[in-house]
Amino acid sequence: MSKTFLISDTHFGHEGTASIFKREDGSPLRPFKNAAHQDEVMIENWNRVVSPDDRVYHLGDFCMARRHLSVLDRLNGRIAIVLGNHDPWGIADWVKHPNVTHVLGYKVYPEHGLILSHVPVSERQLEGRFRYNIHGHTHDKFVKDSKGHPDPRYIPVCVEHIDYTPIDLDVILKRLK
């Protein structure tokens, strides 16, 4: 039986992830020597958990240059791309890769009260229409509630939160029950 996985903000090919991305204390955000090391670890992690028949929703910021779209050809699964702020390529650039099945702005799972997006949706979107927002964009940060605590309605699947490995949607749904 196929599974559904989620991941975001892989930034394949982005050399700056080793030097630009920092934690609040100034330490490196990602534990990789360079982009090539990062890419190989994430490809290995992805293919270890995702089978060719599984669905993967990549919630934005797949890569930093069009030439790195070729990483798609090394990844298992049927991949739906939810566009992020660093994904300016045209639909034709994505779908020429056989495992890319959809290019979306967002994905809704009404039966679970979920919306999948790159950037977290506004709080108003979660007042009645959706119960939870699974999102990317924030890297190691959390969306905070009015008291400054992580808001449990927002579930980040940025690689920094999921050990650089796609996470099974069923695992998230079990946590939410």
Please report the interatomic distance [atom1]([X]) to [atom2]([Y]), rounded to the nearest 0.5 Å.
| X | Y | atom1 | atom2 | result |
| --- | --- | --- | --- | --- |
| Ser70 | Lys96 | OG | NZ | 9.5 Å |
| His102 | Arg78 | NE2 | CZ | 9.0 Å |
| Ile134 | Ile155 | CD1 | CD1 | 5.0 Å |
| Asp170 | Thr4 | CG | OG1 | 7.5 Å |
| Thr101 | Ile79 | OG1 | CD1 | 8.5 Å |

TODO: Apply the test side-chain contact (heavy atoms from CB on, under 4.5 Å) to residues Arg74 and Trp46: give CA-CA distance (whole Å), side-chain angles for both, the deciding distance (0.1 Å), then the verdict.
DONE: CA-CA 10 Å; Arg74 297 181 58 199; Trp46 182 303; over 6 Å; no
Open item on the list: Can a side-chain donor-acceptor contact be found between Asp54 and Ser51 if the only test is distance below 3.5 angstrom?
Closed with: yes
Task: Asn45-Thr165 side chain donor-acceptor pair, cut-off 3.5 Å - done: yes
Could you check if a side-chain atom of [X] sits within less than 4.5 angstrom of a side-chain atom of [Y], using non-hydrogen atoms only?
| X | Y | result |
| --- | --- | --- |
| Asn133 | Gln125 | no |
| Asp9 | His139 | yes |
| Leu83 | Trp94 | yes |
| Met42 | His11 | no |
| His14 | His68 | no |
| His135 | Pro156 | yes |
| His37 | Asn34 | yes |
| Arg30 | Val159 | yes |

Task: Residues Val50, Leu75; criterion side-chain contact (heavy atoms from CB on, under 4.5 Å); working and verdict - done: CA-CA 8 Å; Val50 176; Leu75 299 173; over 6 Å; no
In the single-linkage hydrophobic clustering (I, L, V, M, F, W, Y; side-chain heavy atoms under 4.5 Å), do [X] and [Y] co-cluster?
| X | Y | result |
| --- | --- | --- |
| Phe21 | Phe62 | no |
| Val157 | Val41 | yes |
| Val119 | Tyr57 | no |
| Leu59 | Ile91 | yes |

Does [atom1] belonging to [X] count more than 12 external heavy atoms closer than 6.0 Å?
| X | atom1 | result |
| --- | --- | --- |
| Glu15 | CD | yes |
| Arg48 | CZ | yes |
| Leu173 | CG | yes |

TODO: State yes or no: are the ring centers of His112 and Tyr132 separated by less than 6.0 Å?
DONE: no
Task: Pair Glu127 + Arg153, salt bridge at N-O below 4.0 Å - done: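 Not counted as a salt bridge, because no side-chain N and carboxylate O are separated by less than 4.0 Å.
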Open item on the list: Starting from Val121 and following side-chain heavy-atom contacts under 4.5 Å between hydrophobic residues (I, L, V, M, F, W, Y), which residues can be reached?
Closed with: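 Once heavy-atom contacts under 4.5 Å are chained together, Val121 belongs with Tyr106, Val108, Ile115, Leu126, Phe130, Val143, Tyr154.
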For [X] against [Y], the heavy-atom pair lying closest together:
| X | Y | value |
| --- | --- | --- |
| Ala35 | Gly13 | CB-C, 3.8 Å |
| Arg66 | Trp89 | N-CH2, 3.3 Å |
| Leu116 | Leu6 | CD1-CD2, 3.8 Å |
| Tyr164 | Pro31 | OH-CD, 3.3 Å |

TODO: May I have the step-by-step check of side-chain contact (heavy atoms from CB on, under 4.5 Å) for Leu114 and Leu176, ending in yes or no?
DONE: CA-CA 11 Å; Leu114 296 176; Leu176 296 176; 4.2 Å; yes
Task: Lys/Arg cation over aromatic Tyr109: Lys107, 6.0 Å, 45° cone - done: yes
TODO: Identify which one of His58, His86, His137 satisfies the ring-ring contact (aromatic ring centres under 6.0 Å, His included) criterion when paired with His118.
DONE: His137
TODO: Scan Leu69, Leu72, Val71, Asp87 and name whichever one has a side-chain contact (heavy atoms from CB on, under 4.5 Å) with Cys63.
DONE: Leu69
Open item on the list: Quick check on side-chain contact (heavy atoms from CB on, under 4.5 Å): which of Val49, Ile7, Ile81 does Val56 satisfy it with?
Closed with: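 By the side-chain contact (heavy atoms from CB on, under 4.5 Å) criterion, Val56 pairs with just one of Val49, Ile7, Ile81: Ile7.
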- [ ] Any chance you could lay out the salt bridge (charged side-chain N to carboxylate O under 4.0 Å, His left out) test for Asp25 and Arg23, step after step, and finish with the verdict?
- [x] CA-CA 5 Å; Asp25 66 5; Arg23 297 188 185 281; 5.7 Å; no
- [ ] Determine, stepwise, if the pair Asp140 / Cys158 fulfils side-chain contact (heavy atoms from CB on, under 4.5 Å).
- [x] CA-CA 7 Å; Asp140 65 327; Cys158 308; over 6 Å; no
